[in-house]
Amino acid sequence: MRDELAAAIAQAITELFNVTISVELSRPDEQFGDFATNVALQLTKQVGQNPRAIAESLQPKLADSLHEWVSEVTIAGPGFLNLRLRDEALIRMAVPAVPSGWTGKVVVAEYSDPNPFKVLHAGHLYTSLVGDVVANLLELAGATVHRVNFGGDVGMHVGKTMWAIVHELGGEHPDKLIAIPDDQKLEWVSQRYVTGNEKYDDDVAAKAEMISLNKQVYAIHAEHDTSSPLAQIYWTCRQWSYDGFDALYERLGMKPFEKYYPESEVSDLGLATVKAHIGPVYEESEGAVIFRGEPFGLFTQVFINGEGLPTYAAKDVGLIQHKFQDYHYDSSFIITDSSQKDHVAVVMKSVEQFEPELVSRTIHKTHGRIKLAGGVKMSSRKGNVLSASAILDATQQANQAARGESQDQTVLGAVRYSFLKNRIGSDIIYDPAESVSLEGNSGPYLQYAHARARSILRKAGLSDDYNFDIIDEPLEAAERSLVRKISEYSEVLERAITELMPHHICGYLYELAQEFNRFYEHNRVVDDPRQALRLGLVTRYANTLKAGLKLLGITAPEQM
RNA sequence: GCACCCGUAGCUCAGCUGGAUAGAGCGUUGGCUUGCGGAGCCAAAGGUCGUAGGUUCGAAUCCUGUCGGGUGUACCA
């Protein structure tokens, strides 16, 4: 209907002034109307009249041609034309449209990307949630989305961790790993990385052993070694990491990943590909193999180091090819924080030289980083990292303290919402002391608002699928405000999908719930003369809220 | 040094494809319960939109300079 309105206005302008213009309809303050357009201001030059005069000649024309949908056209301010919809038109708009921008497309979404043997920290938590919801948006818009994860199961951090593990076990004794309790395995392994790192910096002998262990780990993969003591330790601890990650993902309410791409499985192809293109694309320099990015406004990156091992740049070369072989995607999203921007650009630029099609289908979507209060940044090497599980635990305790009890879905709603409500792009300040909010503009506020609405419907004895038909009866002001807000959902959804920005949904749902809470404060539903209409209204509201929350990966409880 | 990102209320953030009095939450202060769930509702105080110019009928929004912060910049990922 929005498009039809815009088209009708455009046609009126053509008939009146003989000019063509693309009409933008915005949602003004409620006091002004349901839609507003500034065409009169835009036409000033083309028509050669002042905007007010243009608006005045348009007004009766629009009132007539939009008569079917619009009850009133008014002029305000410098020349805005405000449209007030007929109630029945507004009600018709309050049905969510199904977005279709990605229908039939095959999409790979890679996100989260924690490294085995290291902690899954707040930054991973954030990037995971962003990826999860972006994937949800693409799916809703009709895409077939393959969710994949990538992480470094080989490399120096593994050498460091393996060194510390072997020392902790008093030698290569995989049998001693049994002593580690299940719920401490992930933590135990990531703690070994921290101690390994400390030794690396101030113990020359240890450092040499770590470098050696790093190579041995590569050898474990090359030889498919599953039986040597070191290999047993490696495979066991790697699995602990993956199991720990999966447990966290589940706790975060994320849709499961379809596939993990461990670096060890993509590095061979990456290495071979880089080597195969030495000359035209990559070049040897100082014992390493590099790609010169300067001609493209980028920087030079090492792809194969002096030891002959692939760096993460070469691994990414392998990864992009594996992903395409596995999925033959139309589009491939890589979701990471902004510090990866240039690195990915260099890798892509190099691959573009021999596989331009793959690169043109790849979209690197970056977001900000998580910082601690006061702008302190986290460093896993320094040990001042905030783990994902610490955030969940802190939120759980805060909820417990406030309510005397804590439901998992409330914690999940609080955490997901508090991260997702921010526009993707700039850094996020996380204050562990204040934790995530449970009231005001928060996940639990929305969940609670939903539970209250369902409570009304339960009291009226309604099932979930009750819907009301268009009613001739005029809406009361409070009812109309709510319908008006519900009718915005489709537009918000479309914008969130176009921009792939989940925060639009958060902001909208909060306004929606607020609108309902205002209505609820002063208006009865059950046993009111207007019950029939209002039950339908509450149902549509609750369904809209639930649908939006679902996109965000937040449950909409019947009660809480 | 060069490249990119950011700077909006005490704090955390919306608003940025130019438009009507710059909006929320938290915090502060003051109200609201004989009625469907108070994790709620209403109100007040609080902002030269870092800063200086420019473009425009109109700039938080676009352009330039500048200050402040962040990120990246050859063998970690």
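Naming: A, B, ... by sequence-line order, numbering from 1 per chain. No hydrogens, no waters, no symmetry mates; every other heavy atom, side chains included, goes into these values.
Heavy-atom nearest nucleotides on RNA chain B were determined for A/Pro28 and for A/Arg524, and the one closer to the 5' end corresponds to A/Pro28. Position along RNA chain B of the nearest nucleotide to A/Asn115 versus A/Gln301 favours A/Gln301 as the more 5'-ward residue.
Residue contacts shown for A/Gly507 are absent, as no nucleic acid heavy atom lies under 4.0 Å away. Counting non-hydrogen atoms under 4.0 angstrom, A/Asp431 reaches nothing in the nucleic acid. Residue A/Asn305 is in base contact, counting any heavy-atom pair closer than 4.0 Å across all strands shown. Residue A/Ser285 is classed as a base contact, given a heavy-atom separation below 4.0 Å to a base. Within the 4.0 angstrom heavy-atom criterion, no nucleotide atom of any strand lies near A/Lys421. Using a 4.0 Å heavy-atom cutoff across all strands shown, A/Arg495 reaches sugar-phosphate atoms only and no base atom. Residue A/Ala36 is in base contact, counting any heavy-atom pair closer than 4.0 Å across all strands shown. Here A/Ile428 lies in heavy-atom contact (under 4.0 Å) with sugar-phosphate atoms only. Contact annotation for A/His343: no contact, since no heavy-atom pair falls under 4.0 Å across all strands. A/Asp153 comes within 4.0 angstrom of no nucleic acid atom, judged by non-hydrogen atoms across all strands. Counting any heavy atom pair closer than 4.0 Å across all strands shown, A/His504 reaches sugar-phosphate atoms only and no base atom. Contact annotation for A/Glu24: no contact, since no heavy-atom pair falls under 4.0 Å across all strands.
Between the CG atom of A/Asp34 and the P atom of B/A20 there is a distance of 18 Å, given to the nearest Å. Nucleotide B/G25 holds its P atom 8 Å from the CG atom of A/Asn441, rounded to whole Å. Atom CZ of A/Phe303 is separated from atom P of B/U73 by 13 Å (rounded to the nearest Å). The CD1 atom of A/Ile304 sits 14 Å away from the C1' atom of B/A74 (whole-angstrom rounding). Rounded to an integer number of Å, the gap from A/Asp29 CG to B/A20 P is 9 Å. Distance, A/Ile290 CD1 to B/U73 P: 15 Å, rounded to whole Å. Atom CG of A/Asn38 and atom C1' of B/G18 are 9 Å apart (whole Å). With rounding to whole Å, A/Arg454 atom CZ is found 15 Å from B/G37 atom P.
The pair A/Glu488-A/Arg495 does not count as a salt bridge, with every side-chain nitrogen at least 4.0 angstrom from each carboxylate oxygen. Looking at A/Arg518 and A/Glu521, no side-chain N of the basic residue comes within less than 4.0 Å of a carboxylate O on the acidic one, giving no salt bridge.
Among the nucleotides B/G72, B/G37, B/U21, the one closest to any side-chain atom of A/Asp342 is B/G72. The side chain of A/Lys315 approaches B/A77 more closely than any other nucleotide in the set B/G19, B/A77, B/C75. The side chain of A/Ser455 approaches B/G37 more closely than any other nucleotide in the set B/G37, B/G15, B/A74. The A/Arg458 side chain lies nearest to B/G37 when the options are B/U73, B/G37, B/C76.
Nucleotides B/C57 and B/G50 are separated by 28 Å at their C1' atoms, to the nearest Å. Rounded to whole Å, the P atom of B/U48 lies 24 Å from the corresponding atom of B/G27. When the P atom is used for both B/G38 and B/A24, the distance is 23 Å, rounded to whole Å. Rounded to whole Å, the C1' atom of B/U34 lies 43 Å from the corresponding atom of B/A22.
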Could you write nucleotides 38-45 of chain B as a row of B, S and -, 5' to 3', where a protein heavy atom under 4.0 Å of any base atom gives B, of only sugar-phosphate atoms gives S, and otherwise -? SBBSS---

Dot-bracket, RNA chain B: Watson-Crick or G-U, under 3.5 angstrom, [ ] crossing, | other strand? (((((((..((((.....[...)))).(((((.......))))).....(((((..]....))))))))))))....

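Between A/Thr300 and A/Glu294, the side chains place a donor N or O and an acceptor N or O closer than 3.5 Å (distance only, hydrogens not considered).
Aromatic ring orientation, A/Phe245 versus A/Tyr242: perpendicular (interplanar angle above 60°, classes split at 30° and 60°). Using cut-offs of 30° and 60° on the angle between ring planes, the pair A/Tyr282 and A/Phe291 is perpendicular.
Tested against A/Ile497 for a side-chain contact (heavy atoms from CB on, under 4.5 Å), the candidates A/Leu137, A/Val492, A/Ile505 yield a single pass: A/Leu137. The side-chain contact (heavy atoms from CB on, under 4.5 Å) with A/Trp163 is formed by just one residue from the set A/Lys207, A/Lys199, A/Arg192; it is A/Lys199.
Interface remark: the A/Glu499 side chain does not form any donor-acceptor pair with the B/U17 base, using a distance-only criterion of under 3.5 Å.
Residues A/Phe80 and A/Phe32 place their aromatic rings such that the two centres sit no closer than 6.0 Å. You'll find the ring centres of A/Tyr200 and A/Tyr193 outside the 6.0 Å limit. Here the two rings, on A/Tyr312 and A/His343, have centers that are under 6.0 Å apart.
A heavy-atom distance below 4.5 Å is not found between the side chains of A/Val538 and A/Tyr520.
Regarding contacts with the backbone of B/G15, a side-chain N or O of A/Arg423 is found under 4.0 angstrom from either OP1 or OP2. Between B/G69 and A/Arg369, no contact under 4.0 Å exists linking OP1 or OP2 to a side-chain N or O. Close to B/U71, at under 4.0 Å from its OP1 or OP2, lies no side-chain N or O of A/Ser339.
The side-chain ring of A/Phe32 is stacked on the base of B/A20, judged by centre separation under 5.5 angstrom and plane angle under 30 degrees.
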Begin with the C-alpha distance, continue with both residues' side-chain angles, and end with the deciding distance and a verdict on side-chain contact (heavy atoms from CB on, under 4.5 Å) for A/Asp34 and A/Leu83. CA-CA 6 Å; A/Asp34 299 315; A/Leu83 312 180; 6.0 Å; no

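A donor-acceptor pair under 3.5 Å is formed between the side chain of A/Glu479 and the backbone N or O of A/Glu476.
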